[in-house]
Structures are given as C-alpha cells and as structure tokens.
Amino acid sequence: MKKKYREIYNLALKSRVFQLQINELIKKKQFKLPIHLAFGHEFVSSIVKTNFNDKDKLLLSHRNIHFSSIFSKNVLKKYLALSIKKSTKHYNSEGSMNYTDKNANIPYSSSVLGNNLSVACGVAKANKAKGGVTICVTGDGAIEEGTFYESLILSKYLKLPIIFLIENNNWSMATSIEERRSSINFNHLAKSIGVKYYKFKRLDIKKNISDYKDAVDKCRKSKLPIICEFEVKTLGTFISNGKKIH
C-alpha cells in the first residue's frame, strides 16, 4: 500500500509542478486560448490514474489540466502549441477547454456545461463490449443540468459501466451552491434509481484511495453506473462583480 501512496503522491506532485509552469506562462500572457487551472484537484486525477487501464476511457470537462498533465505524454509541448500566434486560424488544437488525446484514452472533453455527460453514455456503450470502464468527469454546476439526471437514467437502463465523477468545489459561474440552488442529496438520488454512490471528503486521502478502488472494481464487475462525488477546494483568486474571491 505504501507503494500505491507514493505513486499517487508523485502523480499529484507532477500535476502541481506542471500547472505552476503553465501559470507562469499565463502571467506572461503566452496563451490566447483559455486555460482553467486546477490547483487543489491533483489528488483526484492521481487516484483515477492509478486505477485506470488500457481499456478505460476518460471524458473531461473544461477544467481538465490536472488530468491531461498526468495522463498525456509530451503534454507541455501540446500546451505550448496553444501559445499566442498571429491569428486563431493557425491553431491546430481545439484548445485546453476541449483537450483530447486518443493515445491517452481521452476521446472527448467539453467546454459546454454538462455536455460530456450524454456523450459519455455513448462512449460507455461502445466501450462496454471491450471490457472497459468509462469515467466522466463533471462538476457541481453541470449536475444541475437536466442531462445529468437523464444520463443517470439512461446508463442504468442500458447497464453501462460508467463512473460519473463529480468534482464539487462549491463554485460554478462565479457563484457558490448556496447562492444559486438548494442542496442535493446524492445518496437519496442514487438510491431512487438503484445506483451506488460514494462520497469522498477532501482530507480523507487514505480512505479516498481505498474507496475509489472499491468503486471502480464494483463498476467493472457489475457493469452498472456509479456516482463518485469528490469534495475539492480550488486554490486561487478571481474577481466577481468587483469582489475578490479566494
């Protein structure tokens, strides 16, 4: 187990260092396309990586740099390709918000809120015959979209081996959960349609490592969807209506 802990720690450290490199380039205005950093999310992607095999698929949201930094090879070169050029017509990439890498089993990412959820169901259906699990990463904002509930219902009906991985940092479109909606009891929601639900508290790293492995193993064996909600704290500062938010 110590070896597993060390592997996850090193992956998280690799992701943090990469993001620091990119952050320095952002401060120097080296990128014309938007890049959403994920300081504080690194242990989520690292735990996923250590339970990922060659048959699995990963579908990402707009905040995906913590995944791309450890799943993709030569990732710095790919990000540098997003640096400022004379015209956006010269870009060969879809941009960091739509990061894809077929060689890293990342077939799809979306900058549209909740867009990757329904797409993930299609990928999971195709991937099921190959024996792989599909991991669809989303956030606390996207789960407010109707497509989240629809995708849960569809994936349960089709018996799809898919993990809906929610990164809950309490923020969406510069608003906290309390500001924009009532709370959602995912445990009750999952039970209502017969789907397993796992809650991962931010500081329970050892428990999270064990529980996520259990969730993936269950998904592989049962060929049924599972909800995994990770509490995360995105580190950084932004301005909203003239107010600085940490």
Side-chain angles (χ1 to χ4, degrees), residues 36 41 44-45 47-49 51-64 66-68 71-72 94-95 97-168 172 181 184-200 211-230 232:
H36 289 247
H41 295 233
V44 179
S45 53
I47 291 171
V48 172
K49 175 65 174 175
N51 292 277
F52 197 86
N53 68 37
D54 293 338
K55 295 179 181 178
D56 295 340
K57 300 293 181 184
L58 180 64
L59 283 83
L60 302 173
S61 67
H62 67 284
R63 193 183 303 278
N64 54 56
H66 51 312
F67 282 95
S68 61
F71 273 77
S72 294
E94 295 176 324
M97 292 178 72
N98 297 84
Y99 190 94
T100 59
D101 185 350
K102 292 182 179 179
N103 293 324
N105 285 3
I106 306 175
Y108 190 82
S109 290
S110 176
S111 59
V112 180
L113 201 66
N115 179 255
N116 62 337
L117 293 163
S118 55
V119 175
C121 289
V123 172
K125 191 174 188 304
N127 200 35
K128 180 179 180 179
K130 301 176 183 177
V133 167
T134 298
I135 294 94
C136 181
V137 181
T138 190
D140 57 276
I143 59 166
E144 297 165 13
E145 302 291 314
T147 185
F148 176 68
Y149 184 69
E150 292 166 359
S151 297
L152 282 176
I153 294 290
L154 180 63
S155 61
K156 177 63 190 304
Y157 171 71
L158 294 176
K159 296 180 173 61
L160 301 179
I162 181 171
I163 291 178
F164 294 100
L165 194 154
I166 303 166
E167 292 185 321
N168 187 344
S172 180
R181 66 164 167 85
I184 299 173
N185 190 316
F186 285 107
N187 193 32
H188 289 175
L189 175 64
K191 283 183 178 180
S192 72
I193 54 177
V195 172
K196 286 190 176 295
Y197 166 73
Y198 287 77
K199 175 80 170 185
F200 298 84
D211 285 356
Y212 184 76
K213 183 182 183 305
D214 183 63
V216 173
D217 289 346
K218 276 188 169 61
C219 190
R220 293 191 195 283
K221 186 176 181 180
S222 68
K223 302 290 192 296
L224 291 173
I226 289 177
I227 301 172
C228 291
E229 181 189 11
F230 280 85
V232 293

Nearest heavy-atom neighbours spanning Thr100 and Ser109
CG2-N, 3.9 Å
Locate the shortest heavy-atom distance separating Cys219 from Pro161; write the atom from each residue and the value.
SG-C, 3.5 Å
So do the side chains of Val195 and Leu224 get within less than 4.5 Å of each other, counting heavy atoms only?
no
From Met97 atom CE to Ser110 atom OG, the distance as rounded to the nearest 0.5 Å:
8.5 Å
Got a sec, which pairs hit salt bridge (Lys or Arg N to Asp or Glu O under 4.0 Å) with one end in residues 99-109, sequence neighbours left out?
Lys78-Asp101
Give a yes or no on whether the ring-centroid distance for Phe71 and Phe52 is below 6.0 angstrom.
yes
Return the set of residues passing side-chain hydrogen bond (donor to acceptor under 3.5 Å, both in side chains) with Ser68 (not counting sequence neighbours), or none when no residue passes.
Tyr79
What's the separation between atom CG in Asn98 and atom OG in Ser111, rounded to the nearest 0.5 Å?
4.5 Å
CG/Leu113 to NE2/His62 distance, rounded to the nearest 0.5 angstrom?
7.5 Å
Looking at His66 and Arg63, what are the two nearest heavy atoms and their distance?
CE1-O, 3.1 Å
Going by the rule side-chain hydrogen bond (donor to acceptor under 3.5 Å, both in side chains), which residues pair with Tyr212 if we only count those two or more places apart in sequence or in a different chain?
none
Side-chain contact, heavy-atom cut-off 4.5 Å: Val44 with Phe200?
no
Of all pairs that satisfy side chain to side chain donor-acceptor pair (under 3.5 Å), the ones with a partner from residues 213-224, not counting sequence neighbours:
Asp56-Arg220, Tyr198-Asp214, Lys213-Asp217, Asp214-Lys218
Taken in chain and number order and not counting sequence neighbours, the residues that satisfy side-chain hydrogen bond (donor to acceptor under 3.5 Å, both in side chains) with Asn187 are none
Note, Leu60 side chain near Val137 side chain (heavy atom, < 4.5 Å):
yes
Is any side-chain heavy atom of Val216 less than 4.5 Å from a side-chain heavy atom of Ile163?
yes
Below 4.5 Å, heavy atoms only, C-beta onward: do Leu59 and Pro107 meet side chain to side chain?
yes
Leu189, Thr138, Ile227 screened by side chain to side chain contact (heavy atoms under 4.5 Å, CB included) with Ile143, the one that passes:
Thr138
Throw together a table of side-chain donor-acceptor distances under 3.5 angstrom for residues 122-136, partners on residues two or more places apart or in other chains.
residue: Asn127; atom: ND2; partner: Lys55; partner atom: O; Å: 2.9
residue: Lys128; atom: NZ; partner: Lys159; partner atom: O; Å: 2.7

To the nearest 0.5 Å, what is the distance between CD1 (Ile166) and OG (Ser61)?
12.0 Å
Please determine, by modelled atom types, if Asn185 and Tyr197 share a side-chain donor-acceptor pair under 3.5 angstrom.
no
CG of Leu165 to CG of Asn168: how many Å apart, nearest 0.5 Å?
11.5 Å
Looking at CD1 of Ile106 and OG of Ser72, how far apart are the two atoms once the value is rounded to the nearest 0.5 Å?
4.0 Å
